[in-house]
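Computed from a prediction, not measured in an experiment: that's the story for all the values here. Order of the sequence lines sets the chain letters (A, B, ...), proteins ahead of strands, with each chain counted from 1.
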Amino acid sequence: MLVELIQSFFAGLGWPWGLPEWMQVGLVILAKIVVILVPLMVCVAYLTYAERKVIGFMQVRIGPNRVGFFGKQMWGLGQPIADAVKLMFKEIILPAGADKLLFLIAPVIAMAPALAAWAVIPFGSEMVLADVDASLLYVLAITSIGVYGIIIAGWASNSKYPFISAMRSAAQIVSYEIAMGFALVGVLMAAGSINLGDIVAAQQGGFWQWFWLPLLPLFVIYFISGVAETNRAPFDVAEGESEIVAGFHVEYSGMPFAVFFLAEYANMILISVLASLLFLGGWLSPLEGLLPESVFEITLLGSLLGPGLHWLVVKTLIFLFFYLWFRATFPRYRYDQIMRLGWKVFIPLTIVWILVVGVMIITGTPPWFDVA
Amino acid sequence: MSFEQIIFYIFSAILVAAAVGVITVRNPVHAALFLVMCFITTSALWLLLEAEFLAITLVLVYVGAVMVLFLFVVMMLDINIAKMREGFTGYLPLGALVAGGTIAVMWYVANNDYFNLTNMPPPERLAADASNTRMLGEQLYTTYVYPFEIAAVILLLAIVAAITLTLRHRTGTRYQKIDQQVRVKRDERVRMVKMESEERK
């Protein structure tokens with residue numbers, strides 16, 4: 001749609017200035033990156049707003065309601081913009097004993113993987129920046145680099161609380177990556193592919209065909225591990241504001257601090273999109289198979305009820321709401337309990353369910369695995 | 001020079017520079033981070049060889065897990081660099097010998113009759129949609145299934161052995177028994193006491 005429009009704008013009409021072909025290709029890719037990242041950044045900004053509003057309502061408060069546009073309050077919709085501007089103009093403080101270079105690189109290392117992973121996320125059957133064959137593996141590999149941002153930040157600050165936080169987060173992320181990886185093994189067994197687009201295509205056929213049902217334990221484990229991987233409540237011991245002040249970003253101020261925040265929220269959105277792609281059929285419509293085929297051919301209503309980007313957005317928003325809901329509801333896990341949950345509960349559970357999935361595939365259990 | 005060659009030389013230069021960094025920087029944490037950089041650039045070079053599965057796995061396993069634990073340990077250790085550098089001249093001949101041997105072996109592999117360009121021509125380019133992962137999987141699970149399974153069993157054995165070696169039962173330590181906590185009933189924790197109301201004196 002939009003991407004194709006831009007593509008035709010750049011590639012078509014013979015280029016009056018006669019740019020070489022490689023430059024055209026580069027420009028098209030650059031335009032696609034902008035088309036993905038600008039809405040993502042807007043989503044990140046308004047996710048912070050949504051978080052404060054949702055948690056506010058859950059705790060019978062109002063949340064931010066002052067900053068609006070054009071002199072109107074507008075339920076505080078201008079708050080994220082105001083926050084961003086404030087952080088941009090704040091002073092960047094370098095602690096005296098810090099490793100200066102690593103201290104400044106750390107937020108960049110946290111941010112880069114959170115954005116790079118979006119390169120292979122499909123938004124529709126044809127809408128993907130890079131249709132890599134092993135895209136699921138790529139996402140796993142790229143997101144596993146993100147932990148270095150936290151570790152390096154904790155170490156380079158040369159301060160005790162950030163260091164404790166770095167240690168905690170390193171151990172936690174490595175532990176939950178295993179559970180997450182095993183949960184994904186179940187998905188790729190069921191789909192028979194490690195390409196995200198093919199995984200969604202394998203879930204064709206309506207709400208009951210999606211992988212959330214045959215892979216229910218893996219689905220739950222994947223999302224909980226995802227919450228742990230992004231260091232969000234109730235697994236936010238790396239931040240732990242009541243014990244280690246704010247963990248790895250105690251010493252950060254201004255824009256580097258903001259970049260850590262952007263990375264965290266971009267990662268939240270990434271985990272939510274992945275969960276909807278892998279277990280909730282991505283852009284597929286839940287009404288397929290429930291409504292007669294002819295309904296999807298009605299001009300406007302049909303495309304709304306049929307598969308499309310809007311379903312992916314809706315599913316992602318559901319997971320994001322879960323994130324906020326968790327944060328408003330659960331008390332923080334104690335550290336040894338986190339480790340116990342990861343190693344002694346999730347990993348054995350995933351191994352057992354991988355076995356069950358294998359048996360289901362071999363026996364061709366209907367309605368999910370009966371077609372070869 | 002083609003675009004691919006330019007990319008190859010850029011990444012190779014970074015790789016060599018990072019490798020030199022690993023062994024020359026004074027700070028062990030910096031050395032570990034240089035090693036991470038080595039792995040990432042190596043993975044980029046493997047991508048150029050169309051070995052995308054291995055490239056991604058290298059990042060996933062070595063960068064995402066092994067080096068994180070490595071950093072974890074290195075950060076915790078209090079390494080005295082001055083003391084480590086003391087024996088430099090003593091170890092130099094041995095190090096030079098090992099390095100020389102390695103270079104000789106590499107030279108021999110690259111220059112003998114079996115691996116020269118006539119016997120081992122560069123493989124043909126695969127089509128853009130060829131799945132490296134699928135090909136690797138097919139080979140591993142058909143032709144090489146026994147070596148693969150044996151390697152898996154050995155690794156499992158190593159895991160079990162490592163856990164048993166470090167496992168020790170300490171008596172007298174207090175820890176949570178989660179299942180007991182979950183199974184607890186109200187009567188075990190709450191005692192209702194009937195008390196007569198008393199008059200304030």
Checklist entry - Are Lys185(B) and Asp187(B) close enough for a salt bridge, meaning some N to O gap below 4.0 Å? => result no

Checklist entry - Is it true that Arg340(A) and Asp336(A) make a salt bridge, defined as a side-chain N closer than 4.0 Å to a carboxylate O? => result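 No salt bridge links Arg340(A) with Asp336(A).
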
Item to check | Per-residue contact mode, Ile56(B) against chain A (heavy atom under 4.5 angstrom) | outcome: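 When you check distances to chain A, atoms from both the backbone and side chain of Ile56(B) fall under 4.5 Å.
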
Checklist entry - Is chain A contacted by the side chain of Leu33(B), its backbone, both, or neither, given a heavy-atom distance below 4.5 Å? => result side chain

Next on the checklist: Taking every non-hydrogen pair under 4.5 Å, which of Leu69(B), Val29(B), Leu71(B) racks up the most with chain A?
Outcome noted: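 Option with the top pair count is Val29(B).
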
Checklist entry - Among Arg134(B), Met67(B), Glu52(B), which residue forms the greatest number of heavy-atom pairs with chain A at distances under 4.5 Å? => result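 Of the candidates given, the most pairs with chain A belong to Met67(B).
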
Is [X] atom [atom1] crowded by more than 12 heavy atoms from other residues, nucleotides or ligands, each under 6.0 Å away?
{"X": "Phe103(A)", "atom1": "CZ", "result": "yes"}
{"X": "Phe260(A)", "atom1": "CZ", "result": "yes"}
{"X": "Tyr333(A)", "atom1": "OH", "result": "no"}

Checklist entry - What is the minimum heavy-atom distance between Gly342(A) and Phe346(A), and which atoms define it? => result O-CB, 3.5 Å

Next on the checklist: Quick check: closest heavy atoms across Ala117(A) and Val139(A), and the distance to 0.1 Å?
Outcome noted: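 Taking every non-hydrogen atom into account, O-CG2, 4.2 Å.
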
Checklist outcome for this item: Rounded to the nearest 0.5 angstrom, the OG1-OH distance for Thr143(A) and Tyr138(A) is 10.0 Å

Checklist entry - Can you pull out the residues in residues 169-181 of chain A with any heavy atom less than 4.5 Å from chain B? => result Ala170(A), Ala171(A), Val174(A), Glu177(A)

With distance as the sole test, does [X] use its side chain to make a donor-acceptor pair with the main-chain N or O of [Y] at under 3.5 Å?
{"X": "Gln337(A)", "Y": "Arg334(A)", "result": "yes"}
{"X": "Ser157(A)", "Y": "Glu251(A)", "result": "no"}
{"X": "Arg332(A)", "Y": "Pro234(A)", "result": "no"}

Next on the checklist: Set out, in order, the CA-CA distance, both residues' side-chain angles and the distance that settles side-chain contact (heavy atoms from CB on, under 4.5 Å) for Leu274(A) and Leu196(A), then state yes or no.
Outcome noted: CA-CA 9 Å; Leu274(A) 279 174; Leu196(A) 284 167; 4.1 Å; yes

Next on the checklist: Suppose a student defines contact as a heavy atom less than 4.5 Å from any heavy atom of chain A. Which residues in residues 35-49 of chain B would they list?
Outcome noted: Val36(B), Ile40(B)

Checklist entry - What part of Asn195(A) gets closer than 4.5 Å to chain B, counting heavy atoms only: side chain, backbone, both or neither? => result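 Interface part for Asn195(A): neither.
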
